[in-house]
Amino acid sequence: MRAKKNLENALKAIINELGLNWSEKIVIEPPKDKKFGDLAVNVALVLSKEAQKNPRALAELFAEKLRAHDADITGIEIAGPGFLNIRYSNAFWQNTVPLVRGQGASFGSSAHGAGLKVLLEYVSANPTGPLHIGHGRGAAIGDTLARVMRCAGYNVHTEYYINDAGRQMRLLGTSIWLRLKELAKKPVDWPEDWYRGEYIIDLAQDVMTRHPDIFSKPEEESVDICFEYGVNSIMDGIRQDLADFRVEHQQWFSEKSLVAGGAVEAAFKRLQASGYSFEQDGALWFRTTELGDDKDRVLRKSDGYLTYFASDIAYHNDKYERGFDLLIDVWGADHHGYIPRMRAAVNALGRKAESFDVVLVQLVNLLKEGKPVSMSTRAGQFETLADVLKEVGADAARFMFMSRKSDSPLDFDLDLVKQRSMDNPVYYVQYAHARICAIQRKAADQGIALPGELAPEDLALLVEDQELELMRLMDRLPETVANAAAALAPHHISYYLTELAGALHSYYSAVQVLNAPEKRLASARLGLLAAVAQTLRNGLDLLGVSAPETM
RNA sequence: GCGCCAGUAGCUCAGCCGGAUAGAGCAACUGCCUUCUAAGCAGUAGGCCGGGGGUUCGAUUCCUCCCUGGCGCGCCA
């Protein structure tokens with residue numbers, strides 16, 4: 001980050017001096033191959049198209065000015081069409097060590113998000129059964145994204161929307177009630193649509209214990225009792241599962257409360273005012289086709305019940321009215337068809353299109369010994385998130401979920417995730433941290449103290465290739481976090497960590513720390529390792545993964 | 001039929017707001033444990049970046065058409 005910012009500022013000054021225009025297209029990044037230098041930039045982009053055909057002269061001019069501008073730049077190579085390969089001095093990189101150690105747990109953070117108020121909604125699974133592995137992926141992505149965005153300077157609020165109104169909920173109440181009747185050996189007429197899972201029987205049993213007199217009440221009231229108990233009990237389970245997975249929501253937002261509070265009617269009025277709603281066949285419709293959807297959508301059905309869409313519009317309207325600048329929803333990819341109508345709603349509510357974004361999370365294929373495991377809730381046959389966590393642990397599961405971008409399907413092989421090998425990069429990264437801790441313990445045993453702030457002449461001893469590589473990588477954490485936040489792509493963090501861990505392992509094998517030829521060198525290296533451990537911890541913490549001291 | 005997502009090394013995947021010789025892990029092969037944890041390291045080999053066309057000085061990246069796979073297309077949520 002420091003390197004990138006430095007170079008960017010220098011380039012801006014020079015471009016300004018030359019009377020040219022800075023272009024957002026000017027990307028400063030690590031070169032594809034380390035032998036090219038520390039950073040690469042293409043300055044040809046500030047030129048007109050015509051001039052870009054011969055960018056060499058300009059590149060030379062920039063090179064000359066950069067050398068004069070920044071004493072930390074020790075090497076500039078002109079390559080390719082307008083490429084400058086920049087090399088920073090060792091001293092520049094060595095300063096990363098005190099920087100990281102000075103910032104400690106906050107190293108990696110930046111002001112990139114400028115305090116933008118973001119509402120991040122994730123999981124929001126219907127309380128009709130326990131969370132399964134697919135919900136787990138959404139949970140891991142949502143929670144990690146929240147951590148990453150906060151670290152990048154966004155003001156993030158996280159929510160779980162509880163769909164405790166509507167048809168599926170009536171179905172839950174009925175399902176429990178029918179199981180209850182079955183338990184009481186009463187005749188049962190099974191409908192086509194009901195929840196068959198074993199947990200429904202458990203719930204029915206609980207209701208029976210708590211309400212022994214339930215059969216003496218009117219059936220409607222009994223179903224209500226079943227529903228109330230079922231929702232609360234299942235939500236308690238969901239909260240517990242998420243807590244075990246280290247997934248946090250700051251707020252649990254009830255759809256029922258939204259409807260009861262009149263928010264839906266208020267949203268309807270807004271749509272009416274903008275002229276997008278109409279009545280037809282006894283139902284209230286929203287003309288989403290005028291806003292890019294392929295069909296108009298029903299808001300209130302002819303039977304008087306609200307659609308899910310209706311209360312969802314009200315919910316999003318409520319989010320805006322609470323003052324959020326950006327709404328991000330994490331959805332399962334099977335809901336992607338829902339996006340156009342939600343965008344239509346955002347538009348009709350008079351909000352900017354960019355203020356609403358969706359992170360689509362593709363399916364998880366749960367595998368056991370290479371064979372798929374079914375996860376249908378209604379068929380009552382699924383591997384719950386809780387079961388998976390019990391089997392592989394939260395660390396391995398969270399890292400696995402962060403090992404792919406969200407919109408590609410993920411095979412989650414239980415046997416693989418349990419494996420303690422490089423098939424399973426979480427151990428690779430954690431092991432790097434544990435190795436540093438082992439050295440630190442050994443140092444303490446030998447009476448070698450972890451140095452405080454290293455003097456410049458001590459830092460200057462850190463000149464091995466692997467040492468400089470570690471410093472360059474550490475310097476990249478803040479921009480990696482900022483990029484991951486801006487792109488809503490939290491998986492970048494796990495790739496970064498794997499790279500940093502690789503550099504550490506490489507260093508560990510090549511260079512002796514405690515057995516270094518000189519005491520001062522050993523001490524300097526301990527200082528470096530303390531910084532690397534800090535960086536690993538900070539990165540792992542963004543993923544919600546622990547950084548063990550021994551393994 | 002329409003829409004969304006994907007197609008990159010034998011396998012699992014990064015990269016994609018256009019830029020250098022396309023990267024990583026696994027699997028394969030060769031080496032490295034009397035030295036701080038071998039859950040590791042060093043190295044070799046492995047690619048019409050699904051296919052055709054287009055835009056461009058330059059395309060894995062953008063546009064378009066095809067092919068293949070997944071997922072959606074309710075007065076369900």
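Order of the sequence lines fixes the chain letters, A, B, ..., with proteins taken first and strands second; residue numbering starts at 1 for each chain.
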* Pairwise 5' ranking along RNA chain B for S406(A) and Q280(A), keeping only the more 5' one -> S406(A)

* **Among rU37(B), rA77(B), rG40(B), the one nearest M551(A) by side-chain distance** => rU37(B)

* To do: Report which part of the nucleic acid A510(A) touches: base, sugar-phosphate, or nothing (heavy-atom distance under 4.0 Å, all strands).
  => nothing

* Scan Y431(A) against the nucleic acid and name what it touches under 4.0 Å (heavy atoms): base, sugar-phosphate only, or nothing. => base

* Base, sugar-phosphate, or nothing for H492(A), non-hydrogen atoms under 4.0 angstrom? -> sugar-phosphate

* Structure fact -> Between CD of Q362(A) and C1' of rG72(B) the distance, given in whole Å, is 10 Å

* Structure fact -> The nucleotide from rC16(B), rC13(B), rA38(B) with an atom nearest the side chain of R404(A) is rC13(B)

* Structure fact -> Between R170(A) and A489(A), whichever has its closest RNA chain B nucleotide further toward 5' is A489(A)

* Under 4.0 angstrom, heavy atoms only, what part of the nucleic acid is A487(A) near: base, sugar-phosphate, or nothing? -> nothing

* **Donor-acceptor pair present, H336(A) side chain and rG3(B) base, under 3.5 Å** => yes

* State which of rC75(B), rA6(B), rA39(B) makes the closest approach to the side chain of W285(A). => rC75(B)

* Is a side-chain N or O of S408(A) found less than 3.5 angstrom from the main chain of Q362(A), in a donor-acceptor match? -> no

* Contact check, side chains of L410(A) and N365(A), non-hydrogen atoms, under 4.5 Å -> no

* Look at all strands and tell whether L363(A) reaches a base, only sugar-phosphate, or nothing, counting heavy atoms closer than 4.0 Å. => sugar-phosphate

* **Any S408(A) side-chain N or O less than 4.0 Å from OP1/OP2 of rA14(B)** => yes

* To do: Take the protein atom CD of Q466(A) and the nucleotide atom C1' of rA42(B), then report the distance between them rounded to whole Å.
  => 11 Å

* Would you mind telling me which of rC73(B), rA38(B), rA77(B) lies closest to the side-chain atoms of R435(A)? => rA38(B)

* A283(A) side-chain proximity, nearest of rA20(B), rC75(B), rU37(B) -> rC75(B)

* Which is true for V511(A) with a 4.0 Å heavy-atom rule: it touches a base, it touches only sugar-phosphate, or it touches nothing? -> base

* Asked: Below 4.0 angstrom from OP1 or OP2 of rA77(B), is there any side-chain N or O of Y308(A)?
  -> no

* Go through rC4(B), rA14(B), rA20(B) for me and flag the one nearest to the N85(A) side chain. => rA20(B)

* Asked: Looking for any heavy atom pair under 4.0 Å, which part of the strands does E29(A) touch: base, sugar-phosphate only, or nothing?
  -> nothing

* Structure fact -> In whole angstroms, the gap separating C1' of rC71(B) from CG of N365(A) amounts to 11 Å

* Do any side-chain nitrogens or oxygens of Y305(A) fall under 4.0 Å of OP1 or OP2 in rA77(B)? -> no

* Ion pair check, K256(A) and E228(A), cut-off under 4.0 Å -> yes

* Structure fact -> pair_partner(rC29(B)), Watson-Crick or wobble, both distances < 3.5 Å, evaluates to rG43(B)

* For the side chain of Q168(A), counting heavy atoms from C-beta on, which of rU35(B), rC41(B), rC76(B) is nearest? -> rC76(B)

* Asked: How should the glycosidic conformation of rC33(B) be described, syn or anti, under the criterion that syn lies within 90° of 0?
  -> syn

* **Presence of R297(A) side-chain N/O under 4.0 Å of rG74(B) phosphate oxygens OP1/OP2** => no

* To do: Please work out if F309(A) contacts a base, only the sugar-phosphate, or nothing of the nucleic acid, heavy-atom cut-off 4.0 Å.
  => nothing

* Under 3.5 Å, is there a donor-acceptor pair linking the side chains of Y276(A) and N347(A)? -> no

* Report yes if a side-chain nitrogen or oxygen of T550(A) is closer than 4.0 Å to either non-bridging phosphate oxygen (OP1 or OP2) of rU37(B); otherwise report no. => no

* Asked: With a non-hydrogen cut-off below 4.0 angstrom, is D281(A) in contact with a base, only sugar-phosphate, or nothing?
  -> base

* Structure fact -> With the side chain defined as heavy atoms from C-beta on, H491(A) is closest, among rC36(B), rA14(B), rA38(B), to rA14(B)

* Ignoring backbone atoms, establish whether K405(A) has a side-chain N or O less than 4.0 Å from OP1 or OP2 of rC5(B). => no

* To do: Measure from NZ or CZ of R170(A) to the centre of the six-membered ring of Y305(A) and say whether it is under 6.0 Å with the direction within 45° of the ring axis.
  => yes

* Asked: OP1, OP2 of rC76(B) versus side-chain N and O of K301(A): anything below 4.0 Å?
  -> yes

* Residues Y315(A), V264(A); criterion side-chain contact (heavy atoms from CB on, under 4.5 Å); working and verdict -> CA-CA 8 Å; Y315(A) 177 41; V264(A) 179; over 6 Å; no

* Is R137(A) positioned over the aromatic face of F401(A), cation under 6.0 angstrom from the ring centre and no more than 45 degrees off axis? -> no

* Asked: rC71(B), rU35(B), rA77(B): which one has an atom nearest the side-chain heavy atoms of Q512(A)?
  -> rU35(B)

* Between the side chain of Y496(A) and the main-chain N/O of L473(A), is any donor-acceptor distance below 3.5 Å? -> yes

* Base, sugar-phosphate, or nothing for L172(A), non-hydrogen atoms under 4.0 angstrom? -> nothing

* Output the single nucleotide from rA77(B), rG40(B), rC71(B) whose closest atom is nearest the side chain of S509(A). => rG40(B)

* Base-pairing mate for rA24(B) - Watson-Crick or G-U, with both contacts under 3.5 Å -> rU12(B)

* Find the distance E255(A):CD to rC76(B):P and express it as a whole number of Å. => 14 Å

* Got a donor-acceptor pair under 3.5 Å from the side chain of T307(A) to the base of rC75(B)? -> no

